Each structure stands twice: as structure tokens, then as C-alpha cells.
Peer 1: 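Take this structure, written in C-alpha cells, and hold onto it; I'll ask about it next.
As a basis for the values below, the full set of heavy atoms in this structure was taken, side chains included, without hydrogen atoms, waters or symmetry mates. Order of the sequence lines fixes the chain letters, A, B, ..., with proteins taken first and strands second; residue numbering starts at 1 for each chain. Since this is a predicted model, take the numbers as computed values, not measurements.
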Amino acid sequence: MGLKFYPVEAEHKKPMRLSRYFLPILRETPKEAEIVSHRLMLRAGMIRQEAAGIYAWLPLGLRVLQKVGQIVREEMDRAGAIELLMPTLQLADLWRESGRYEAYGPEMLRIKDRHERELLYGPTNEDMITEIFRASVRSYRDLPKILYHIQWKFRDEQRPRFGVMRGREFLMKDAYSFDVDEASARLSYRRMFVSYLRIFARMGLRAIPMRAETGPIGGDLSHEFIILAQTGESAVFCHSDFLQLPIPGADTDYDGDLSPIIEEWTRLYAATEDVHDKARFEAETPEDKRIHTRGIEVGQVFYFGDKYSKPMQSLIAGPDGVERPFQGGSYGVGVSRLVGALIEANHDENGIIWPESVAPFKIGIANLKVGDGPTDTACLEIYRALETAGVEALYDDTDERPGAKFAKLDLIGLPYQIIVGPKGLAEGKVELKSRATGARQMLSPAEAIAHFSAA
RNA sequence: CGGGGUAUAGCGCAGCCUGGUAGCGCGGAAGUUUUGGGUACUUCAGGUCGCAGGUUCGAAUCCUGCUGCCCCGACCA
């Protein structure tokens with residue numbers, strides 16, 4: 001009996017008619033939402049809170065979450081990291097072996113199953129990845145390796161707040177590097193560092209690597225990647241030239257020498273307030289180049305050596321035949337947090353302004369007079385043409401007032417709006433509006449379609 | 001975890017002080033109207049007043065306990 005294959009077309013996100021979609025817009029802001037990203041995510045129907053720090057991702061929010069995750073995935077893969085998927089629940093015994101079970105404290109959610117086995121909802125995966133790695137890798141010949149996954153984590157924060165920016169349950173990419181010695185481990189660290197520059201840049205964010213304390217995970221080399229935002233959680237100090245530094249290209253050779261990039265991006269002063277050295281800042285940074293603002297941490301890279309490999313006896317035989325613990329690092333990106341951070345960085349008084357790379361849809365089509373023959377026809381023509389071209393569009397075919405449609409489209413922040421109504425059509429035109437700039441141009445429907453289907 | 005709030009319809013709120021069986025706006029449904037930046041009007045539907053005790057003839061309202069949620073701080077991706 002042979003296997004039978006059913007070929008299917010490659011999936012891509014299709015356009016959607018709003019009348020068939022699920023987009024629960026709120027006109028008023030729920031009172032619990034304090035910061036702008038939280039307010040806008042609730043109002044735009046992206047998320048719904050189910051418990052303190054625990055959210056359901058509604059369709060619009062999910063699309064953004066998946067796009068952010070996909071960019072992270074593509075850049076991890078480009079840097080040579082390998083994706084796997086570890087479970088959310090872990091055995092307590094694993095954490096006892098690394099010595100972290102008692103150390104972690106009440107932030108860790110501890111659970112018992114029906115057999116009274118002690119489990120925990122993973123707040124991170126160093127212990128588990130070490131266990132997976134040691135089961136099969138024993139030789140330096142198999143190194144270096146970088147493994148990662150994108151998985152939900154849980155940290156029982158004493159005080160969750162800021163919506164998805166500091167939830168208890170959160171989606172995180174965490175990567176782990178395995179090397180035979182420190183020199184090699186530092187090369188892995190550099191790969192991840194450069195990869196992070198690209199990840200955030202692709203989302204339209206300028207993330208600045210700042211020297212960081214190593215925190216409970218441990219180690220002696222660490223950077224936090226921080227985006228500048230007035231509403232950020234911590235005060236930051238940095239050199240303004242960071243805003244100008246070039247982002248490594250997609251053609252960056254991750255097997256080559258990355259040190260020039262690292263040098264360029266770590267030369268200038270950048271620190272969060274907890275490690276800020278005022279004297280050094282002022283000595284190294286000219287007065288007119290000093291930035292003092294607030295920032296949101298969106299990623300962190302650690303080198304932690306044998307912190308886990310040693311207690312867990314994950315040993316690698318080197319070229320000399322001697323076994324030693326591998327040298328490790330871990331590299332996190334807060335995927336769900338980034339969705340909030342993106343809104344903090346991209347909004348105005350009317351709502352969200354998505355960068356194209358993470359927008360839930362690229363275009364919103366507003367039918368200003370549903371039921372009017374020529375208007376309906378023109379909208380459908382555009383909608384179908386975009387569908388054929390594989391352009392993600394949301395067609396507002398609901399029977400609402402034009403003003404309500406404009407407000408809704410501005411709120412959910414799709415990069416482009418195609419506005420179709422009888423007035424414009426009388427001239428043979430539809431309006432194309434950029435959400436970011438507010439620029440409008442009148443085009444024929446065919447021109448509007450060509451504007452997006454060419455690329 | 002300390003401190004402070006709050007809990008009444010999907011959302012935002014009033015009613016509580018001075019107990020008498022629940023109301024407003026938005027949203028939803030039906031309709032008329034309107035038609036390029038959240039139109040106006042009419043009608044309708046929707047609530048075990050967080051939970052459990054207690055006081056009382058009677059509790060959203062007073063008392064006790066519990067829980068959820070929010071804010072400030074400490075802490076954290």
C-alpha cells in the first residue's frame with residue numbers, strides 16, 4: 001500500500017469581508033486599560049482579558065502575533081538556529097536537577113497531576129533543552145548548535161499590568177546555544193546579537209542593545225534590546241548615534257566574522273537605569289548626543305557558560321578526548337510583548353498605525369454605500385483583484401455610516417485604505433489613503449489595484 | 001508582597017449615605033431618516049446588582065467573611 005499525497009496550494013492569508021469576520025470593536029475604553037497599547041488592543045478587538053495577565057487573542061490580534069512570530073522565525077533560521085517545540089508543562093524533578101526548583105520562587109506556577117506528580121508551567125526552558133541536548137550530543141563534532149522554539153510561557157507576576165506588555169502568560173521565542181568552549185560560545189552570542197538587530201528592524205523598530213544585568217538566569221555577558229518609547233517601563237540612557245547605525249543586511253554571512261557589527265553596536269554608551277553610570281555616560285557621550293528617555297525591553301541575550309550543563313552533567317568530548325560541560329547561552333524575544341510595544345511605538349490619537357511587515361491586513365477597503373450598485377461592484381472588483389494578487393485586505397462591506405467606517409479603519413490601523421463611494425465613482429475614482437501619513441490620492445480602481453498587485 | 005481603590009446589562013457609569021424589589025449613555029435588534037469623518041428620532045431586547053452568610057416584614061443599599069479586578073510601590077521578558 002503506497003502513500004497517497006494530496007497536493008495543496010501554498011496557504012497564504014486571504015482577504016476577508018468584515019461582515020463575515022470577527023472584529024469586536026469597542027467604542028469606549030474599558031476602564032482597566034491604562035496605557036495606550038492596552039487600550040487600543042482592547043478597542044480594536046485584538047485581545048480580550050480572561051484573567052489578570054491572561055488574554056485571549058482574537059482574530060485581528062492573532063494575525064499580528066503570527067506575523068511577529070514569523071519574522072522572528074525567519075531571522076532565527078537565517079542565523080542558523082534550528083526550530084523545535086518544547087512543552088509548556090515540565091517536571092519539577094528536571095528543575096531540581098539544575099537546582100532551580102527551589103531558587104525560582106513564587107513566580108513559577110506549580111501544578112500537580114492526578115498522580116500527585118509535581119509539574120510546573122514553564123517560565124523558561126534552559127533546563128529542558130539541556131536535558132534534550134545531553135541525551136544525544138556528546139562530541140564537539142556536533143557543535144556548535146543553536147536550538148529555539150516559540151512557545152507560551154507563564155510567570156506568575158505579582159502584579160501583571162500594561163496588557164500584553166507584562167502579562168502572566170506570554171508568547172516568547174527562546175533560543176539556546178551549545179558550544180564546546182567559551183570562544184566558540186561568544187561566536188554564537190554574536191550570531192544571535194546580529195540576528196536581533198535584524199528582527200526588530202524588520203518590524204520597523206529601532207532596538208538598541210544595552211548592557212544589562214544578568215538577572216536570575218545568570219552568566220557574565222548580556223544585552224537587553226530596548227526600543228525607545230515615552231511609555232516604556234524603565235529609564236534608559238544612550239548615545240543618539242544609535243538611531244543612525246546601519247542594520248546588517250539579509251545577506252549577512254553568519255558564518256563569517258561578525259565582530260565589526262558587534263563592535264559598531266556596542267561601542268557607544270547605552271544603559272538602563274539600574275546599571276547606569278552617570279560619570280561614564282557624560283565622559284563618553286557629547287552633551288548634544290545624550291538621550292535620556294524611557295524604553296521597553298523586547299529581547300535579551302545571555303551568555304551563561306556551564307551554569308546548566310555542569311549541574312546537569314551535559315558533557316561534550318573535545319578534540320583532546322576530554323569531556324567537559326558545554327558552554328551555553330540563551331536568547332529571548334518577547335513575541336506577545338512586541339505586539340504591545342509595536343503599538344506604543346506606532347499610534348496616534350485615532351488609533352494604531354501598523355508597520356506593513358506586521359499589519360494584520362495590508363489594506364482596508366471601505367464601501368461607503370453598501371447597496372448602491374456601482375459602489376458594490378467597484379468594491380468587489382477591487383476585493384477580488386487583491387485576492388487574486390494575494391494581497392491581504394479587509395473589506396468593510398457592512399451597512400454603516402461612512403464616518404463610523406473611517407473611524408474603525410483608523411483605529412485598527414491598516415497601512416492603506418481604499419475608500420470607495422458614489423461621489424468618487426462618479427469621476428471614475430476611488431481614494432487611496434495612507435494611514436501613516438494621511439496622504440490621499442484619487443485613482444481609478446484599476447490604478448489602485450495595480451498599486452498593490454505589481455510587487 | 002505592602003498600600004489604596006473597585007465590583008450594578010457587552011462597554012462606560014448613576015443609584016447605596018437616608019433599605020421598599022434597578023436606571024442612564026454607548027453598543028445590540030426592528031423601523032423611519034440620513035448618506036464622504038462615530039446622523040437624528042421611535043420602539044424593543046438585555047441584569048441571580050461578584051460570592052456566601054447575617055440584620056430586617058423587606059437588602060444593590062446596612063454588617064461580617066471570601067473572591068475577582070484595577071491603581072501606586074517593590075519585582076520582573
Side-chain angles (χ1 to χ4, degrees), chain A residues 24-35 38-39 42-43 45 48-54 104-108 122-125 151-174 196 207 212-217 222-227 232-234 272 274 295-302 330-341 349-351 366-372 375 396 398-411 417-427 429-431 433 438 440 442:
Chain A
I25 297 275
L26 300 180
R27 191 157 172 176
E28 290 173 86
T29 304
K31 66 175 175 188
E32 74 267 15
E34 196 66 12
I35 62 167
H38 192 192
R39 285 204 304 267
L42 290 168
R43 285 199 53 214
R48 179 174 170 80
Q49 178 168 320
E50 295 299 334
I54 299 177
Y104 217 91
E107 266 201 347
M108 186 154 72
T124 178
N125 286 69
Q151 177 63 291
W152 292 96
K153 306 281 193 293
F154 194 91
R155 290 185 195 167
D156 200 356
E157 296 282 349
Q158 296 172 27
R159 191 187 160 206
R161 60 182 134 173
F162 305 148
V164 299
M165 299 256 292
R166 189 173 168 194
R168 292 194 293 172
E169 187 183 51
F170 56 97
L171 187 62
M172 182 174 175
K173 185 283 300 179
D174 40 323
Y196 276 32
E213 289 191 271
T214 51
I217 293 182
S222 175
H223 287 87
E224 291 180 342
F225 284 75
I226 292 189
I227 62 170
E233 70 239 302
S234 51
T272 55
D274 43 336
I296 301 167
E297 185 188 337
V298 288
Q300 185 158 17
V301 290
F302 290 101
S330 71
Y331 314 89
V333 170
V335 175
S336 49
R337 156 175 275 213
L338 264 167
V339 177
E349 66 279 8
N350 295 319
N367 182 335
L368 296 190
K369 191 162 185 177
V370 172
D372 176 68
T375 308
D396 187 350
T398 61
D399 186 19
E400 274 191 298
R401 305 268 314 166
K405 294 195 175 193
F406 296 138
K408 184 182 295 179
L409 279 178
D410 283 352
L411 173 64
Q417 300 172 8
I418 296 178
I419 298 160
V420 185
K423 276 191 189 172
L425 286 177
E427 316 288 324
K429 303 286 189 185
V430 298
E431 182 179 320
K433 177 184 157 186
R440 303 149 185 271
M442 300 303 290

Peer 1: Hey, is the main chain of A/Ile419 close enough, under 3.5 Å, to the side chain of A/Lys405 for a donor-acceptor pair?
Peer 2: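 Looks like no, no N/O pair under 3.5 Å.
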Peer 1: Looking only at side-chain N and O atoms, does A/Gln49 come under 4.0 Å of OP1 or OP2 in B/rC70?
Peer 2: yes
Peer 1: With rounding to the nearest 0.5 angstrom, report the CD1 to CZ distance, A/Ile54 to A/Phe170.
Peer 2: 12.0 Å
Peer 1: Write down the distance between CG (A/Asn367) and P (B/rU35), rounded to a whole number of angstrom.
Peer 2: 17 Å
Peer 1: Is the closest side-chain heavy-atom distance between A/Phe154 and A/Pro123 below 4.5 Å?
Peer 2: no
Peer 1: When only distance counts, do a donor and an acceptor, one from the side chain of A/Arg161 and one from the base of B/rC72, lie under 3.5 Å apart?
Peer 2: no
Peer 1: For atom CD of A/Glu427, is the number of surrounding heavy atoms from other residues, nucleotides or ligands below 6.0 Å larger than 12?
Peer 2: no
Peer 1: State whether the side chain of A/Ser336 and the backbone N or O of A/Leu171 hold a donor-acceptor pair below 3.5 Å, judged by distance alone.
Peer 2: yes
Peer 1: Assign each of A/Met442 and A/Glu224 to its nearest nucleotide of RNA chain B by heavy atoms, then name whichever residue's nucleotide is nearer the 5' end.
Peer 2: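 Final value for this comparison: A/Met442.
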Peer 1: Choose from B/rC76, B/rC1, B/rC72 the nucleotide whose nearest atom is closest to any side-chain atom of A/Glu233.
Peer 2: B/rC76
Peer 1: Got a list of protein N/O to nucleotides 3-7 of chain B N/O distances below 3.5 Å?
Peer 2:
none

Peer 1: Could you let me know what B/rA29 is paired to, Watson-Crick or G-U wobble, both distances under 3.5 Å, or none if it's on its own?
Peer 2: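 By the stated definition (distances under 3.5 Å), B/rU43 pairs with B/rA29.
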Peer 1: Using purine N1 to pyrimidine N3 plus N6-O4 or O6-N4 for Watson-Crick, or N1-O2 and O6-N3 for G-U wobble, both under 3.5 Å, which nucleotide pairs with B/rC1?
Peer 2: B/rG73
Peer 1: Which residue, A/Arg48 or A/Leu425, contacts RNA chain B at a nucleotide closer to its 5' end, judged by nearest heavy atom?
Peer 2: A/Arg48
Peer 1: Would you indicate, yes or no, if B/rA77 has its OP1 or OP2 atom less than 4.0 angstrom from a side-chain nitrogen or oxygen of A/Arg168?
Peer 2: no
Peer 1: Counting side-chain heavy atoms from C-beta on, which of B/rG36, B/rA77, B/rC70 comes nearest to A/Arg155?
Peer 2: B/rA77
Peer 1: Would you call A/Leu425 and A/Thr375 a side-chain contact if the rule is heavy atoms closer than 4.5 Å?
Peer 2: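 Of all side-chain heavy-atom pairs linking A/Thr375 with A/Leu425, at least one is under 4.5 Å.
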Peer 1: Determine, step by step, whether A/His223 and A/Tyr196 satisfy the side chain to side chain contact (heavy atoms under 4.5 Å, CB included) criterion, reporting the C-alpha distance in whole Å, the side-chain angles of both residues, the deciding distance to 0.1 Å, and the verdict.
Peer 2: CA-CA 11 Å; A/His223 287 87; A/Tyr196 276 32; over 6 Å; no
Peer 1: For B/rU39 and B/rU33, measure between their C1' atoms and round to the nearest Å.
Peer 2: 9 Å
Peer 1: Between atom CD in A/Glu50 and atom P in B/rG68, what is the gap in whole Å?
Peer 2: 16 Å
Peer 1: What's A/Glu32 touching, base or sugar-phosphate or nothing? Going by heavy atoms closer than 4.0 Å.
Peer 2: sugar-phosphate
Peer 1: For the C1' atoms, the ones on B/rG27 and on B/rG46, what distance do you get once it is rounded to whole angstrom?
Peer 2: 11 Å
Peer 1: Under 4.0 Å between any heavy atoms, over every strand shown, what does A/Ala51 touch: base, sugar-phosphate, or nothing? Just pick one.
Peer 2: sugar-phosphate
Peer 1: Once you apply a heavy-atom cut-off of 4.0 Å, does A/Gly421 come out as touching a base, just sugar-phosphate, or nothing?
Peer 2: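 If one applies the 4.0 Å heavy-atom cut-off, A/Gly421 turns out to touch a base.
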Peer 1: Tell me what A/Gly299 touches on the nucleic acid: a base, only sugar-phosphate, or nothing, going by heavy atoms under 4.0 Å.
Peer 2: nothing
Peer 1: With rounding to whole Å, what would you report as the distance between B/rG15 and B/rU32 at their P atoms?
Peer 2: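 Pairwise P distance, B/rG15 against B/rU32, rounds to 39 Å.
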Peer 1: May I ask you to say what A/Glu28 touches in the nucleic acid, namely base, sugar-phosphate or nothing, with a heavy-atom cut-off under 4.0 Å?
Peer 2: base
Peer 1: What integer number of Å spans the C1' atoms of B/rA22 and B/rU61?
Peer 2: 11 Å
Peer 1: Please give the nucleotide sitting opposite B/rA7 as a Watson-Crick or G-U wobble pair, both distances under 3.5 Å, or none.
Peer 2: B/rU67
Peer 1: Roughly how far apart, to the nearest Å, are B/rA14 and B/rC49 at atom C1'?
Peer 2: 13 Å
Peer 1: Sort me out a list of protein N/O and nucleotides 44-46 of chain B N/O pairs below 3.5 Å, or just none if empty.
Peer 2:
none

Peer 1: How long is the gap from CG on A/Leu338 to CE on A/Met172, to the nearest 0.5 Å?
Peer 2: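 Those atoms lie 11.0 Å apart.
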Peer 1: Pairing check on B/rC57: which nucleotide meets the Watson-Crick or G-U wobble criteria with it, both distances under 3.5 Å?
Peer 2: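 Across any shown strand, B/rC57 pairs with B/rG20.
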Peer 1: Go along nucleotides 37-42 of chain B 5' to 3' and tag each nucleotide: B for a protein heavy atom under 4.0 Å from its base, S when only backbone or sugar atoms are that close, - otherwise.
Peer 2: BBB---
Peer 1: With heavy atoms under 4.0 Å as the rule, sort A/Gly167 into base, sugar-phosphate or nothing.
Peer 2: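 Result for A/Gly167 = base.
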Peer 1: Tell me: CG of A/Leu42 to C1' of B/rG12, nearest whole Å?
Peer 2: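 Distance check: A/Leu42 CG to B/rG12 C1' gives 13 Å.
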Peer 1: Inspect the contact between A/Lys369 and A/Asp399 and indicate whether a charged nitrogen and a carboxylate oxygen are less than 4.0 angstrom apart.
Peer 2: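 The answer is no: the pair does not qualify as a salt bridge.
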Peer 1: For nucleotides B/rC69 and B/rG12, find the distance between their P atoms and express it as a whole number of Å.
Peer 2: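 B/rC69 and B/rG12 have their P atoms separated by 15 Å.
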Peer 1: What's the separation between atom CD in A/Glu224 and atom CD in A/Gln300, rounded to the nearest 0.5 Å?
Peer 2: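 If we round to the nearest 0.5 Å, A/Glu224:CD and A/Gln300:CD are 4.5 Å apart.
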Peer 1: Nearest 0.5 angstrom please: A/Arg43 CZ to A/Leu26 CG, how far?
Peer 2: 7.5 Å
Peer 1: Give A/Ser336 one of three labels, base, sugar-phosphate or nothing, depending on what nucleic acid heavy atoms sit under 4.0 Å from its own.
Peer 2: nothing
Peer 1: Using the P atom as the reference point in each nucleotide, state the distance between B/rG50 and B/rG68 in Å, no decimals.
Peer 2: 16 Å
Peer 1: Round to the nearest Å and state the distance from A/Asp156 atom CG to B/rC75 atom P.
Peer 2: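 Roughly 18 Å, once rounded to whole Å.
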Peer 1: Classify the side-chain pair A/Gln417/A/Asp410 by whether it contains a donor and acceptor separated by less than 3.5 Å.
Peer 2: yes
Peer 1: For the P atoms, the ones on B/rA52 and on B/rC44, what distance do you get once it is rounded to whole angstrom?
Peer 2: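 After rounding to an integer number of Å, I get 33 Å for this pair.
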Peer 1: Between A/Arg337 and A/Glu297, is the salt bridge (Lys or Arg N to Asp or Glu O under 4.0 Å) condition met? List the steps.
Peer 2: CA-CA 9 Å; A/Arg337 156 175 275 213; A/Glu297 185 188 337; 5.2 Å; no
Peer 1: Could you tell me the separation between the CG atom of A/Leu368 and the P atom of B/rU35, rounded to a whole number of Å?
Peer 2: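 Atom-to-atom, A/Leu368 to B/rU35, this comes out as 14 Å.
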Peer 1: Output, in order, the C-alpha distance, side-chain angles, deciding distance and verdict of salt bridge (Lys or Arg N to Asp or Glu O under 4.0 Å) for A/Arg166 and A/Glu157.
Peer 2: CA-CA 8 Å; A/Arg166 189 173 168 194; A/Glu157 296 282 349; 2.8 Å; yes
Peer 1: What integer distance in Å separates A/Asp399:CG from B/rU35:P?
Peer 2: 14 Å
Peer 1: Does this structure show an ion pair linking A/Arg440 with A/Glu431, if we count only N-O contacts that are shorter than 4.0 Å?
Peer 2: yes
Peer 1: What is the distance, rounded to the nearest whole Å, between atom CD of A/Glu34 and atom P of B/rG12?
Peer 2: 13 Å
Peer 1: Tell me the interatomic distance from A/Phe162, atom CZ, to B/rC71, atom C1', rounded to whole angstroms.
Peer 2: 10 Å
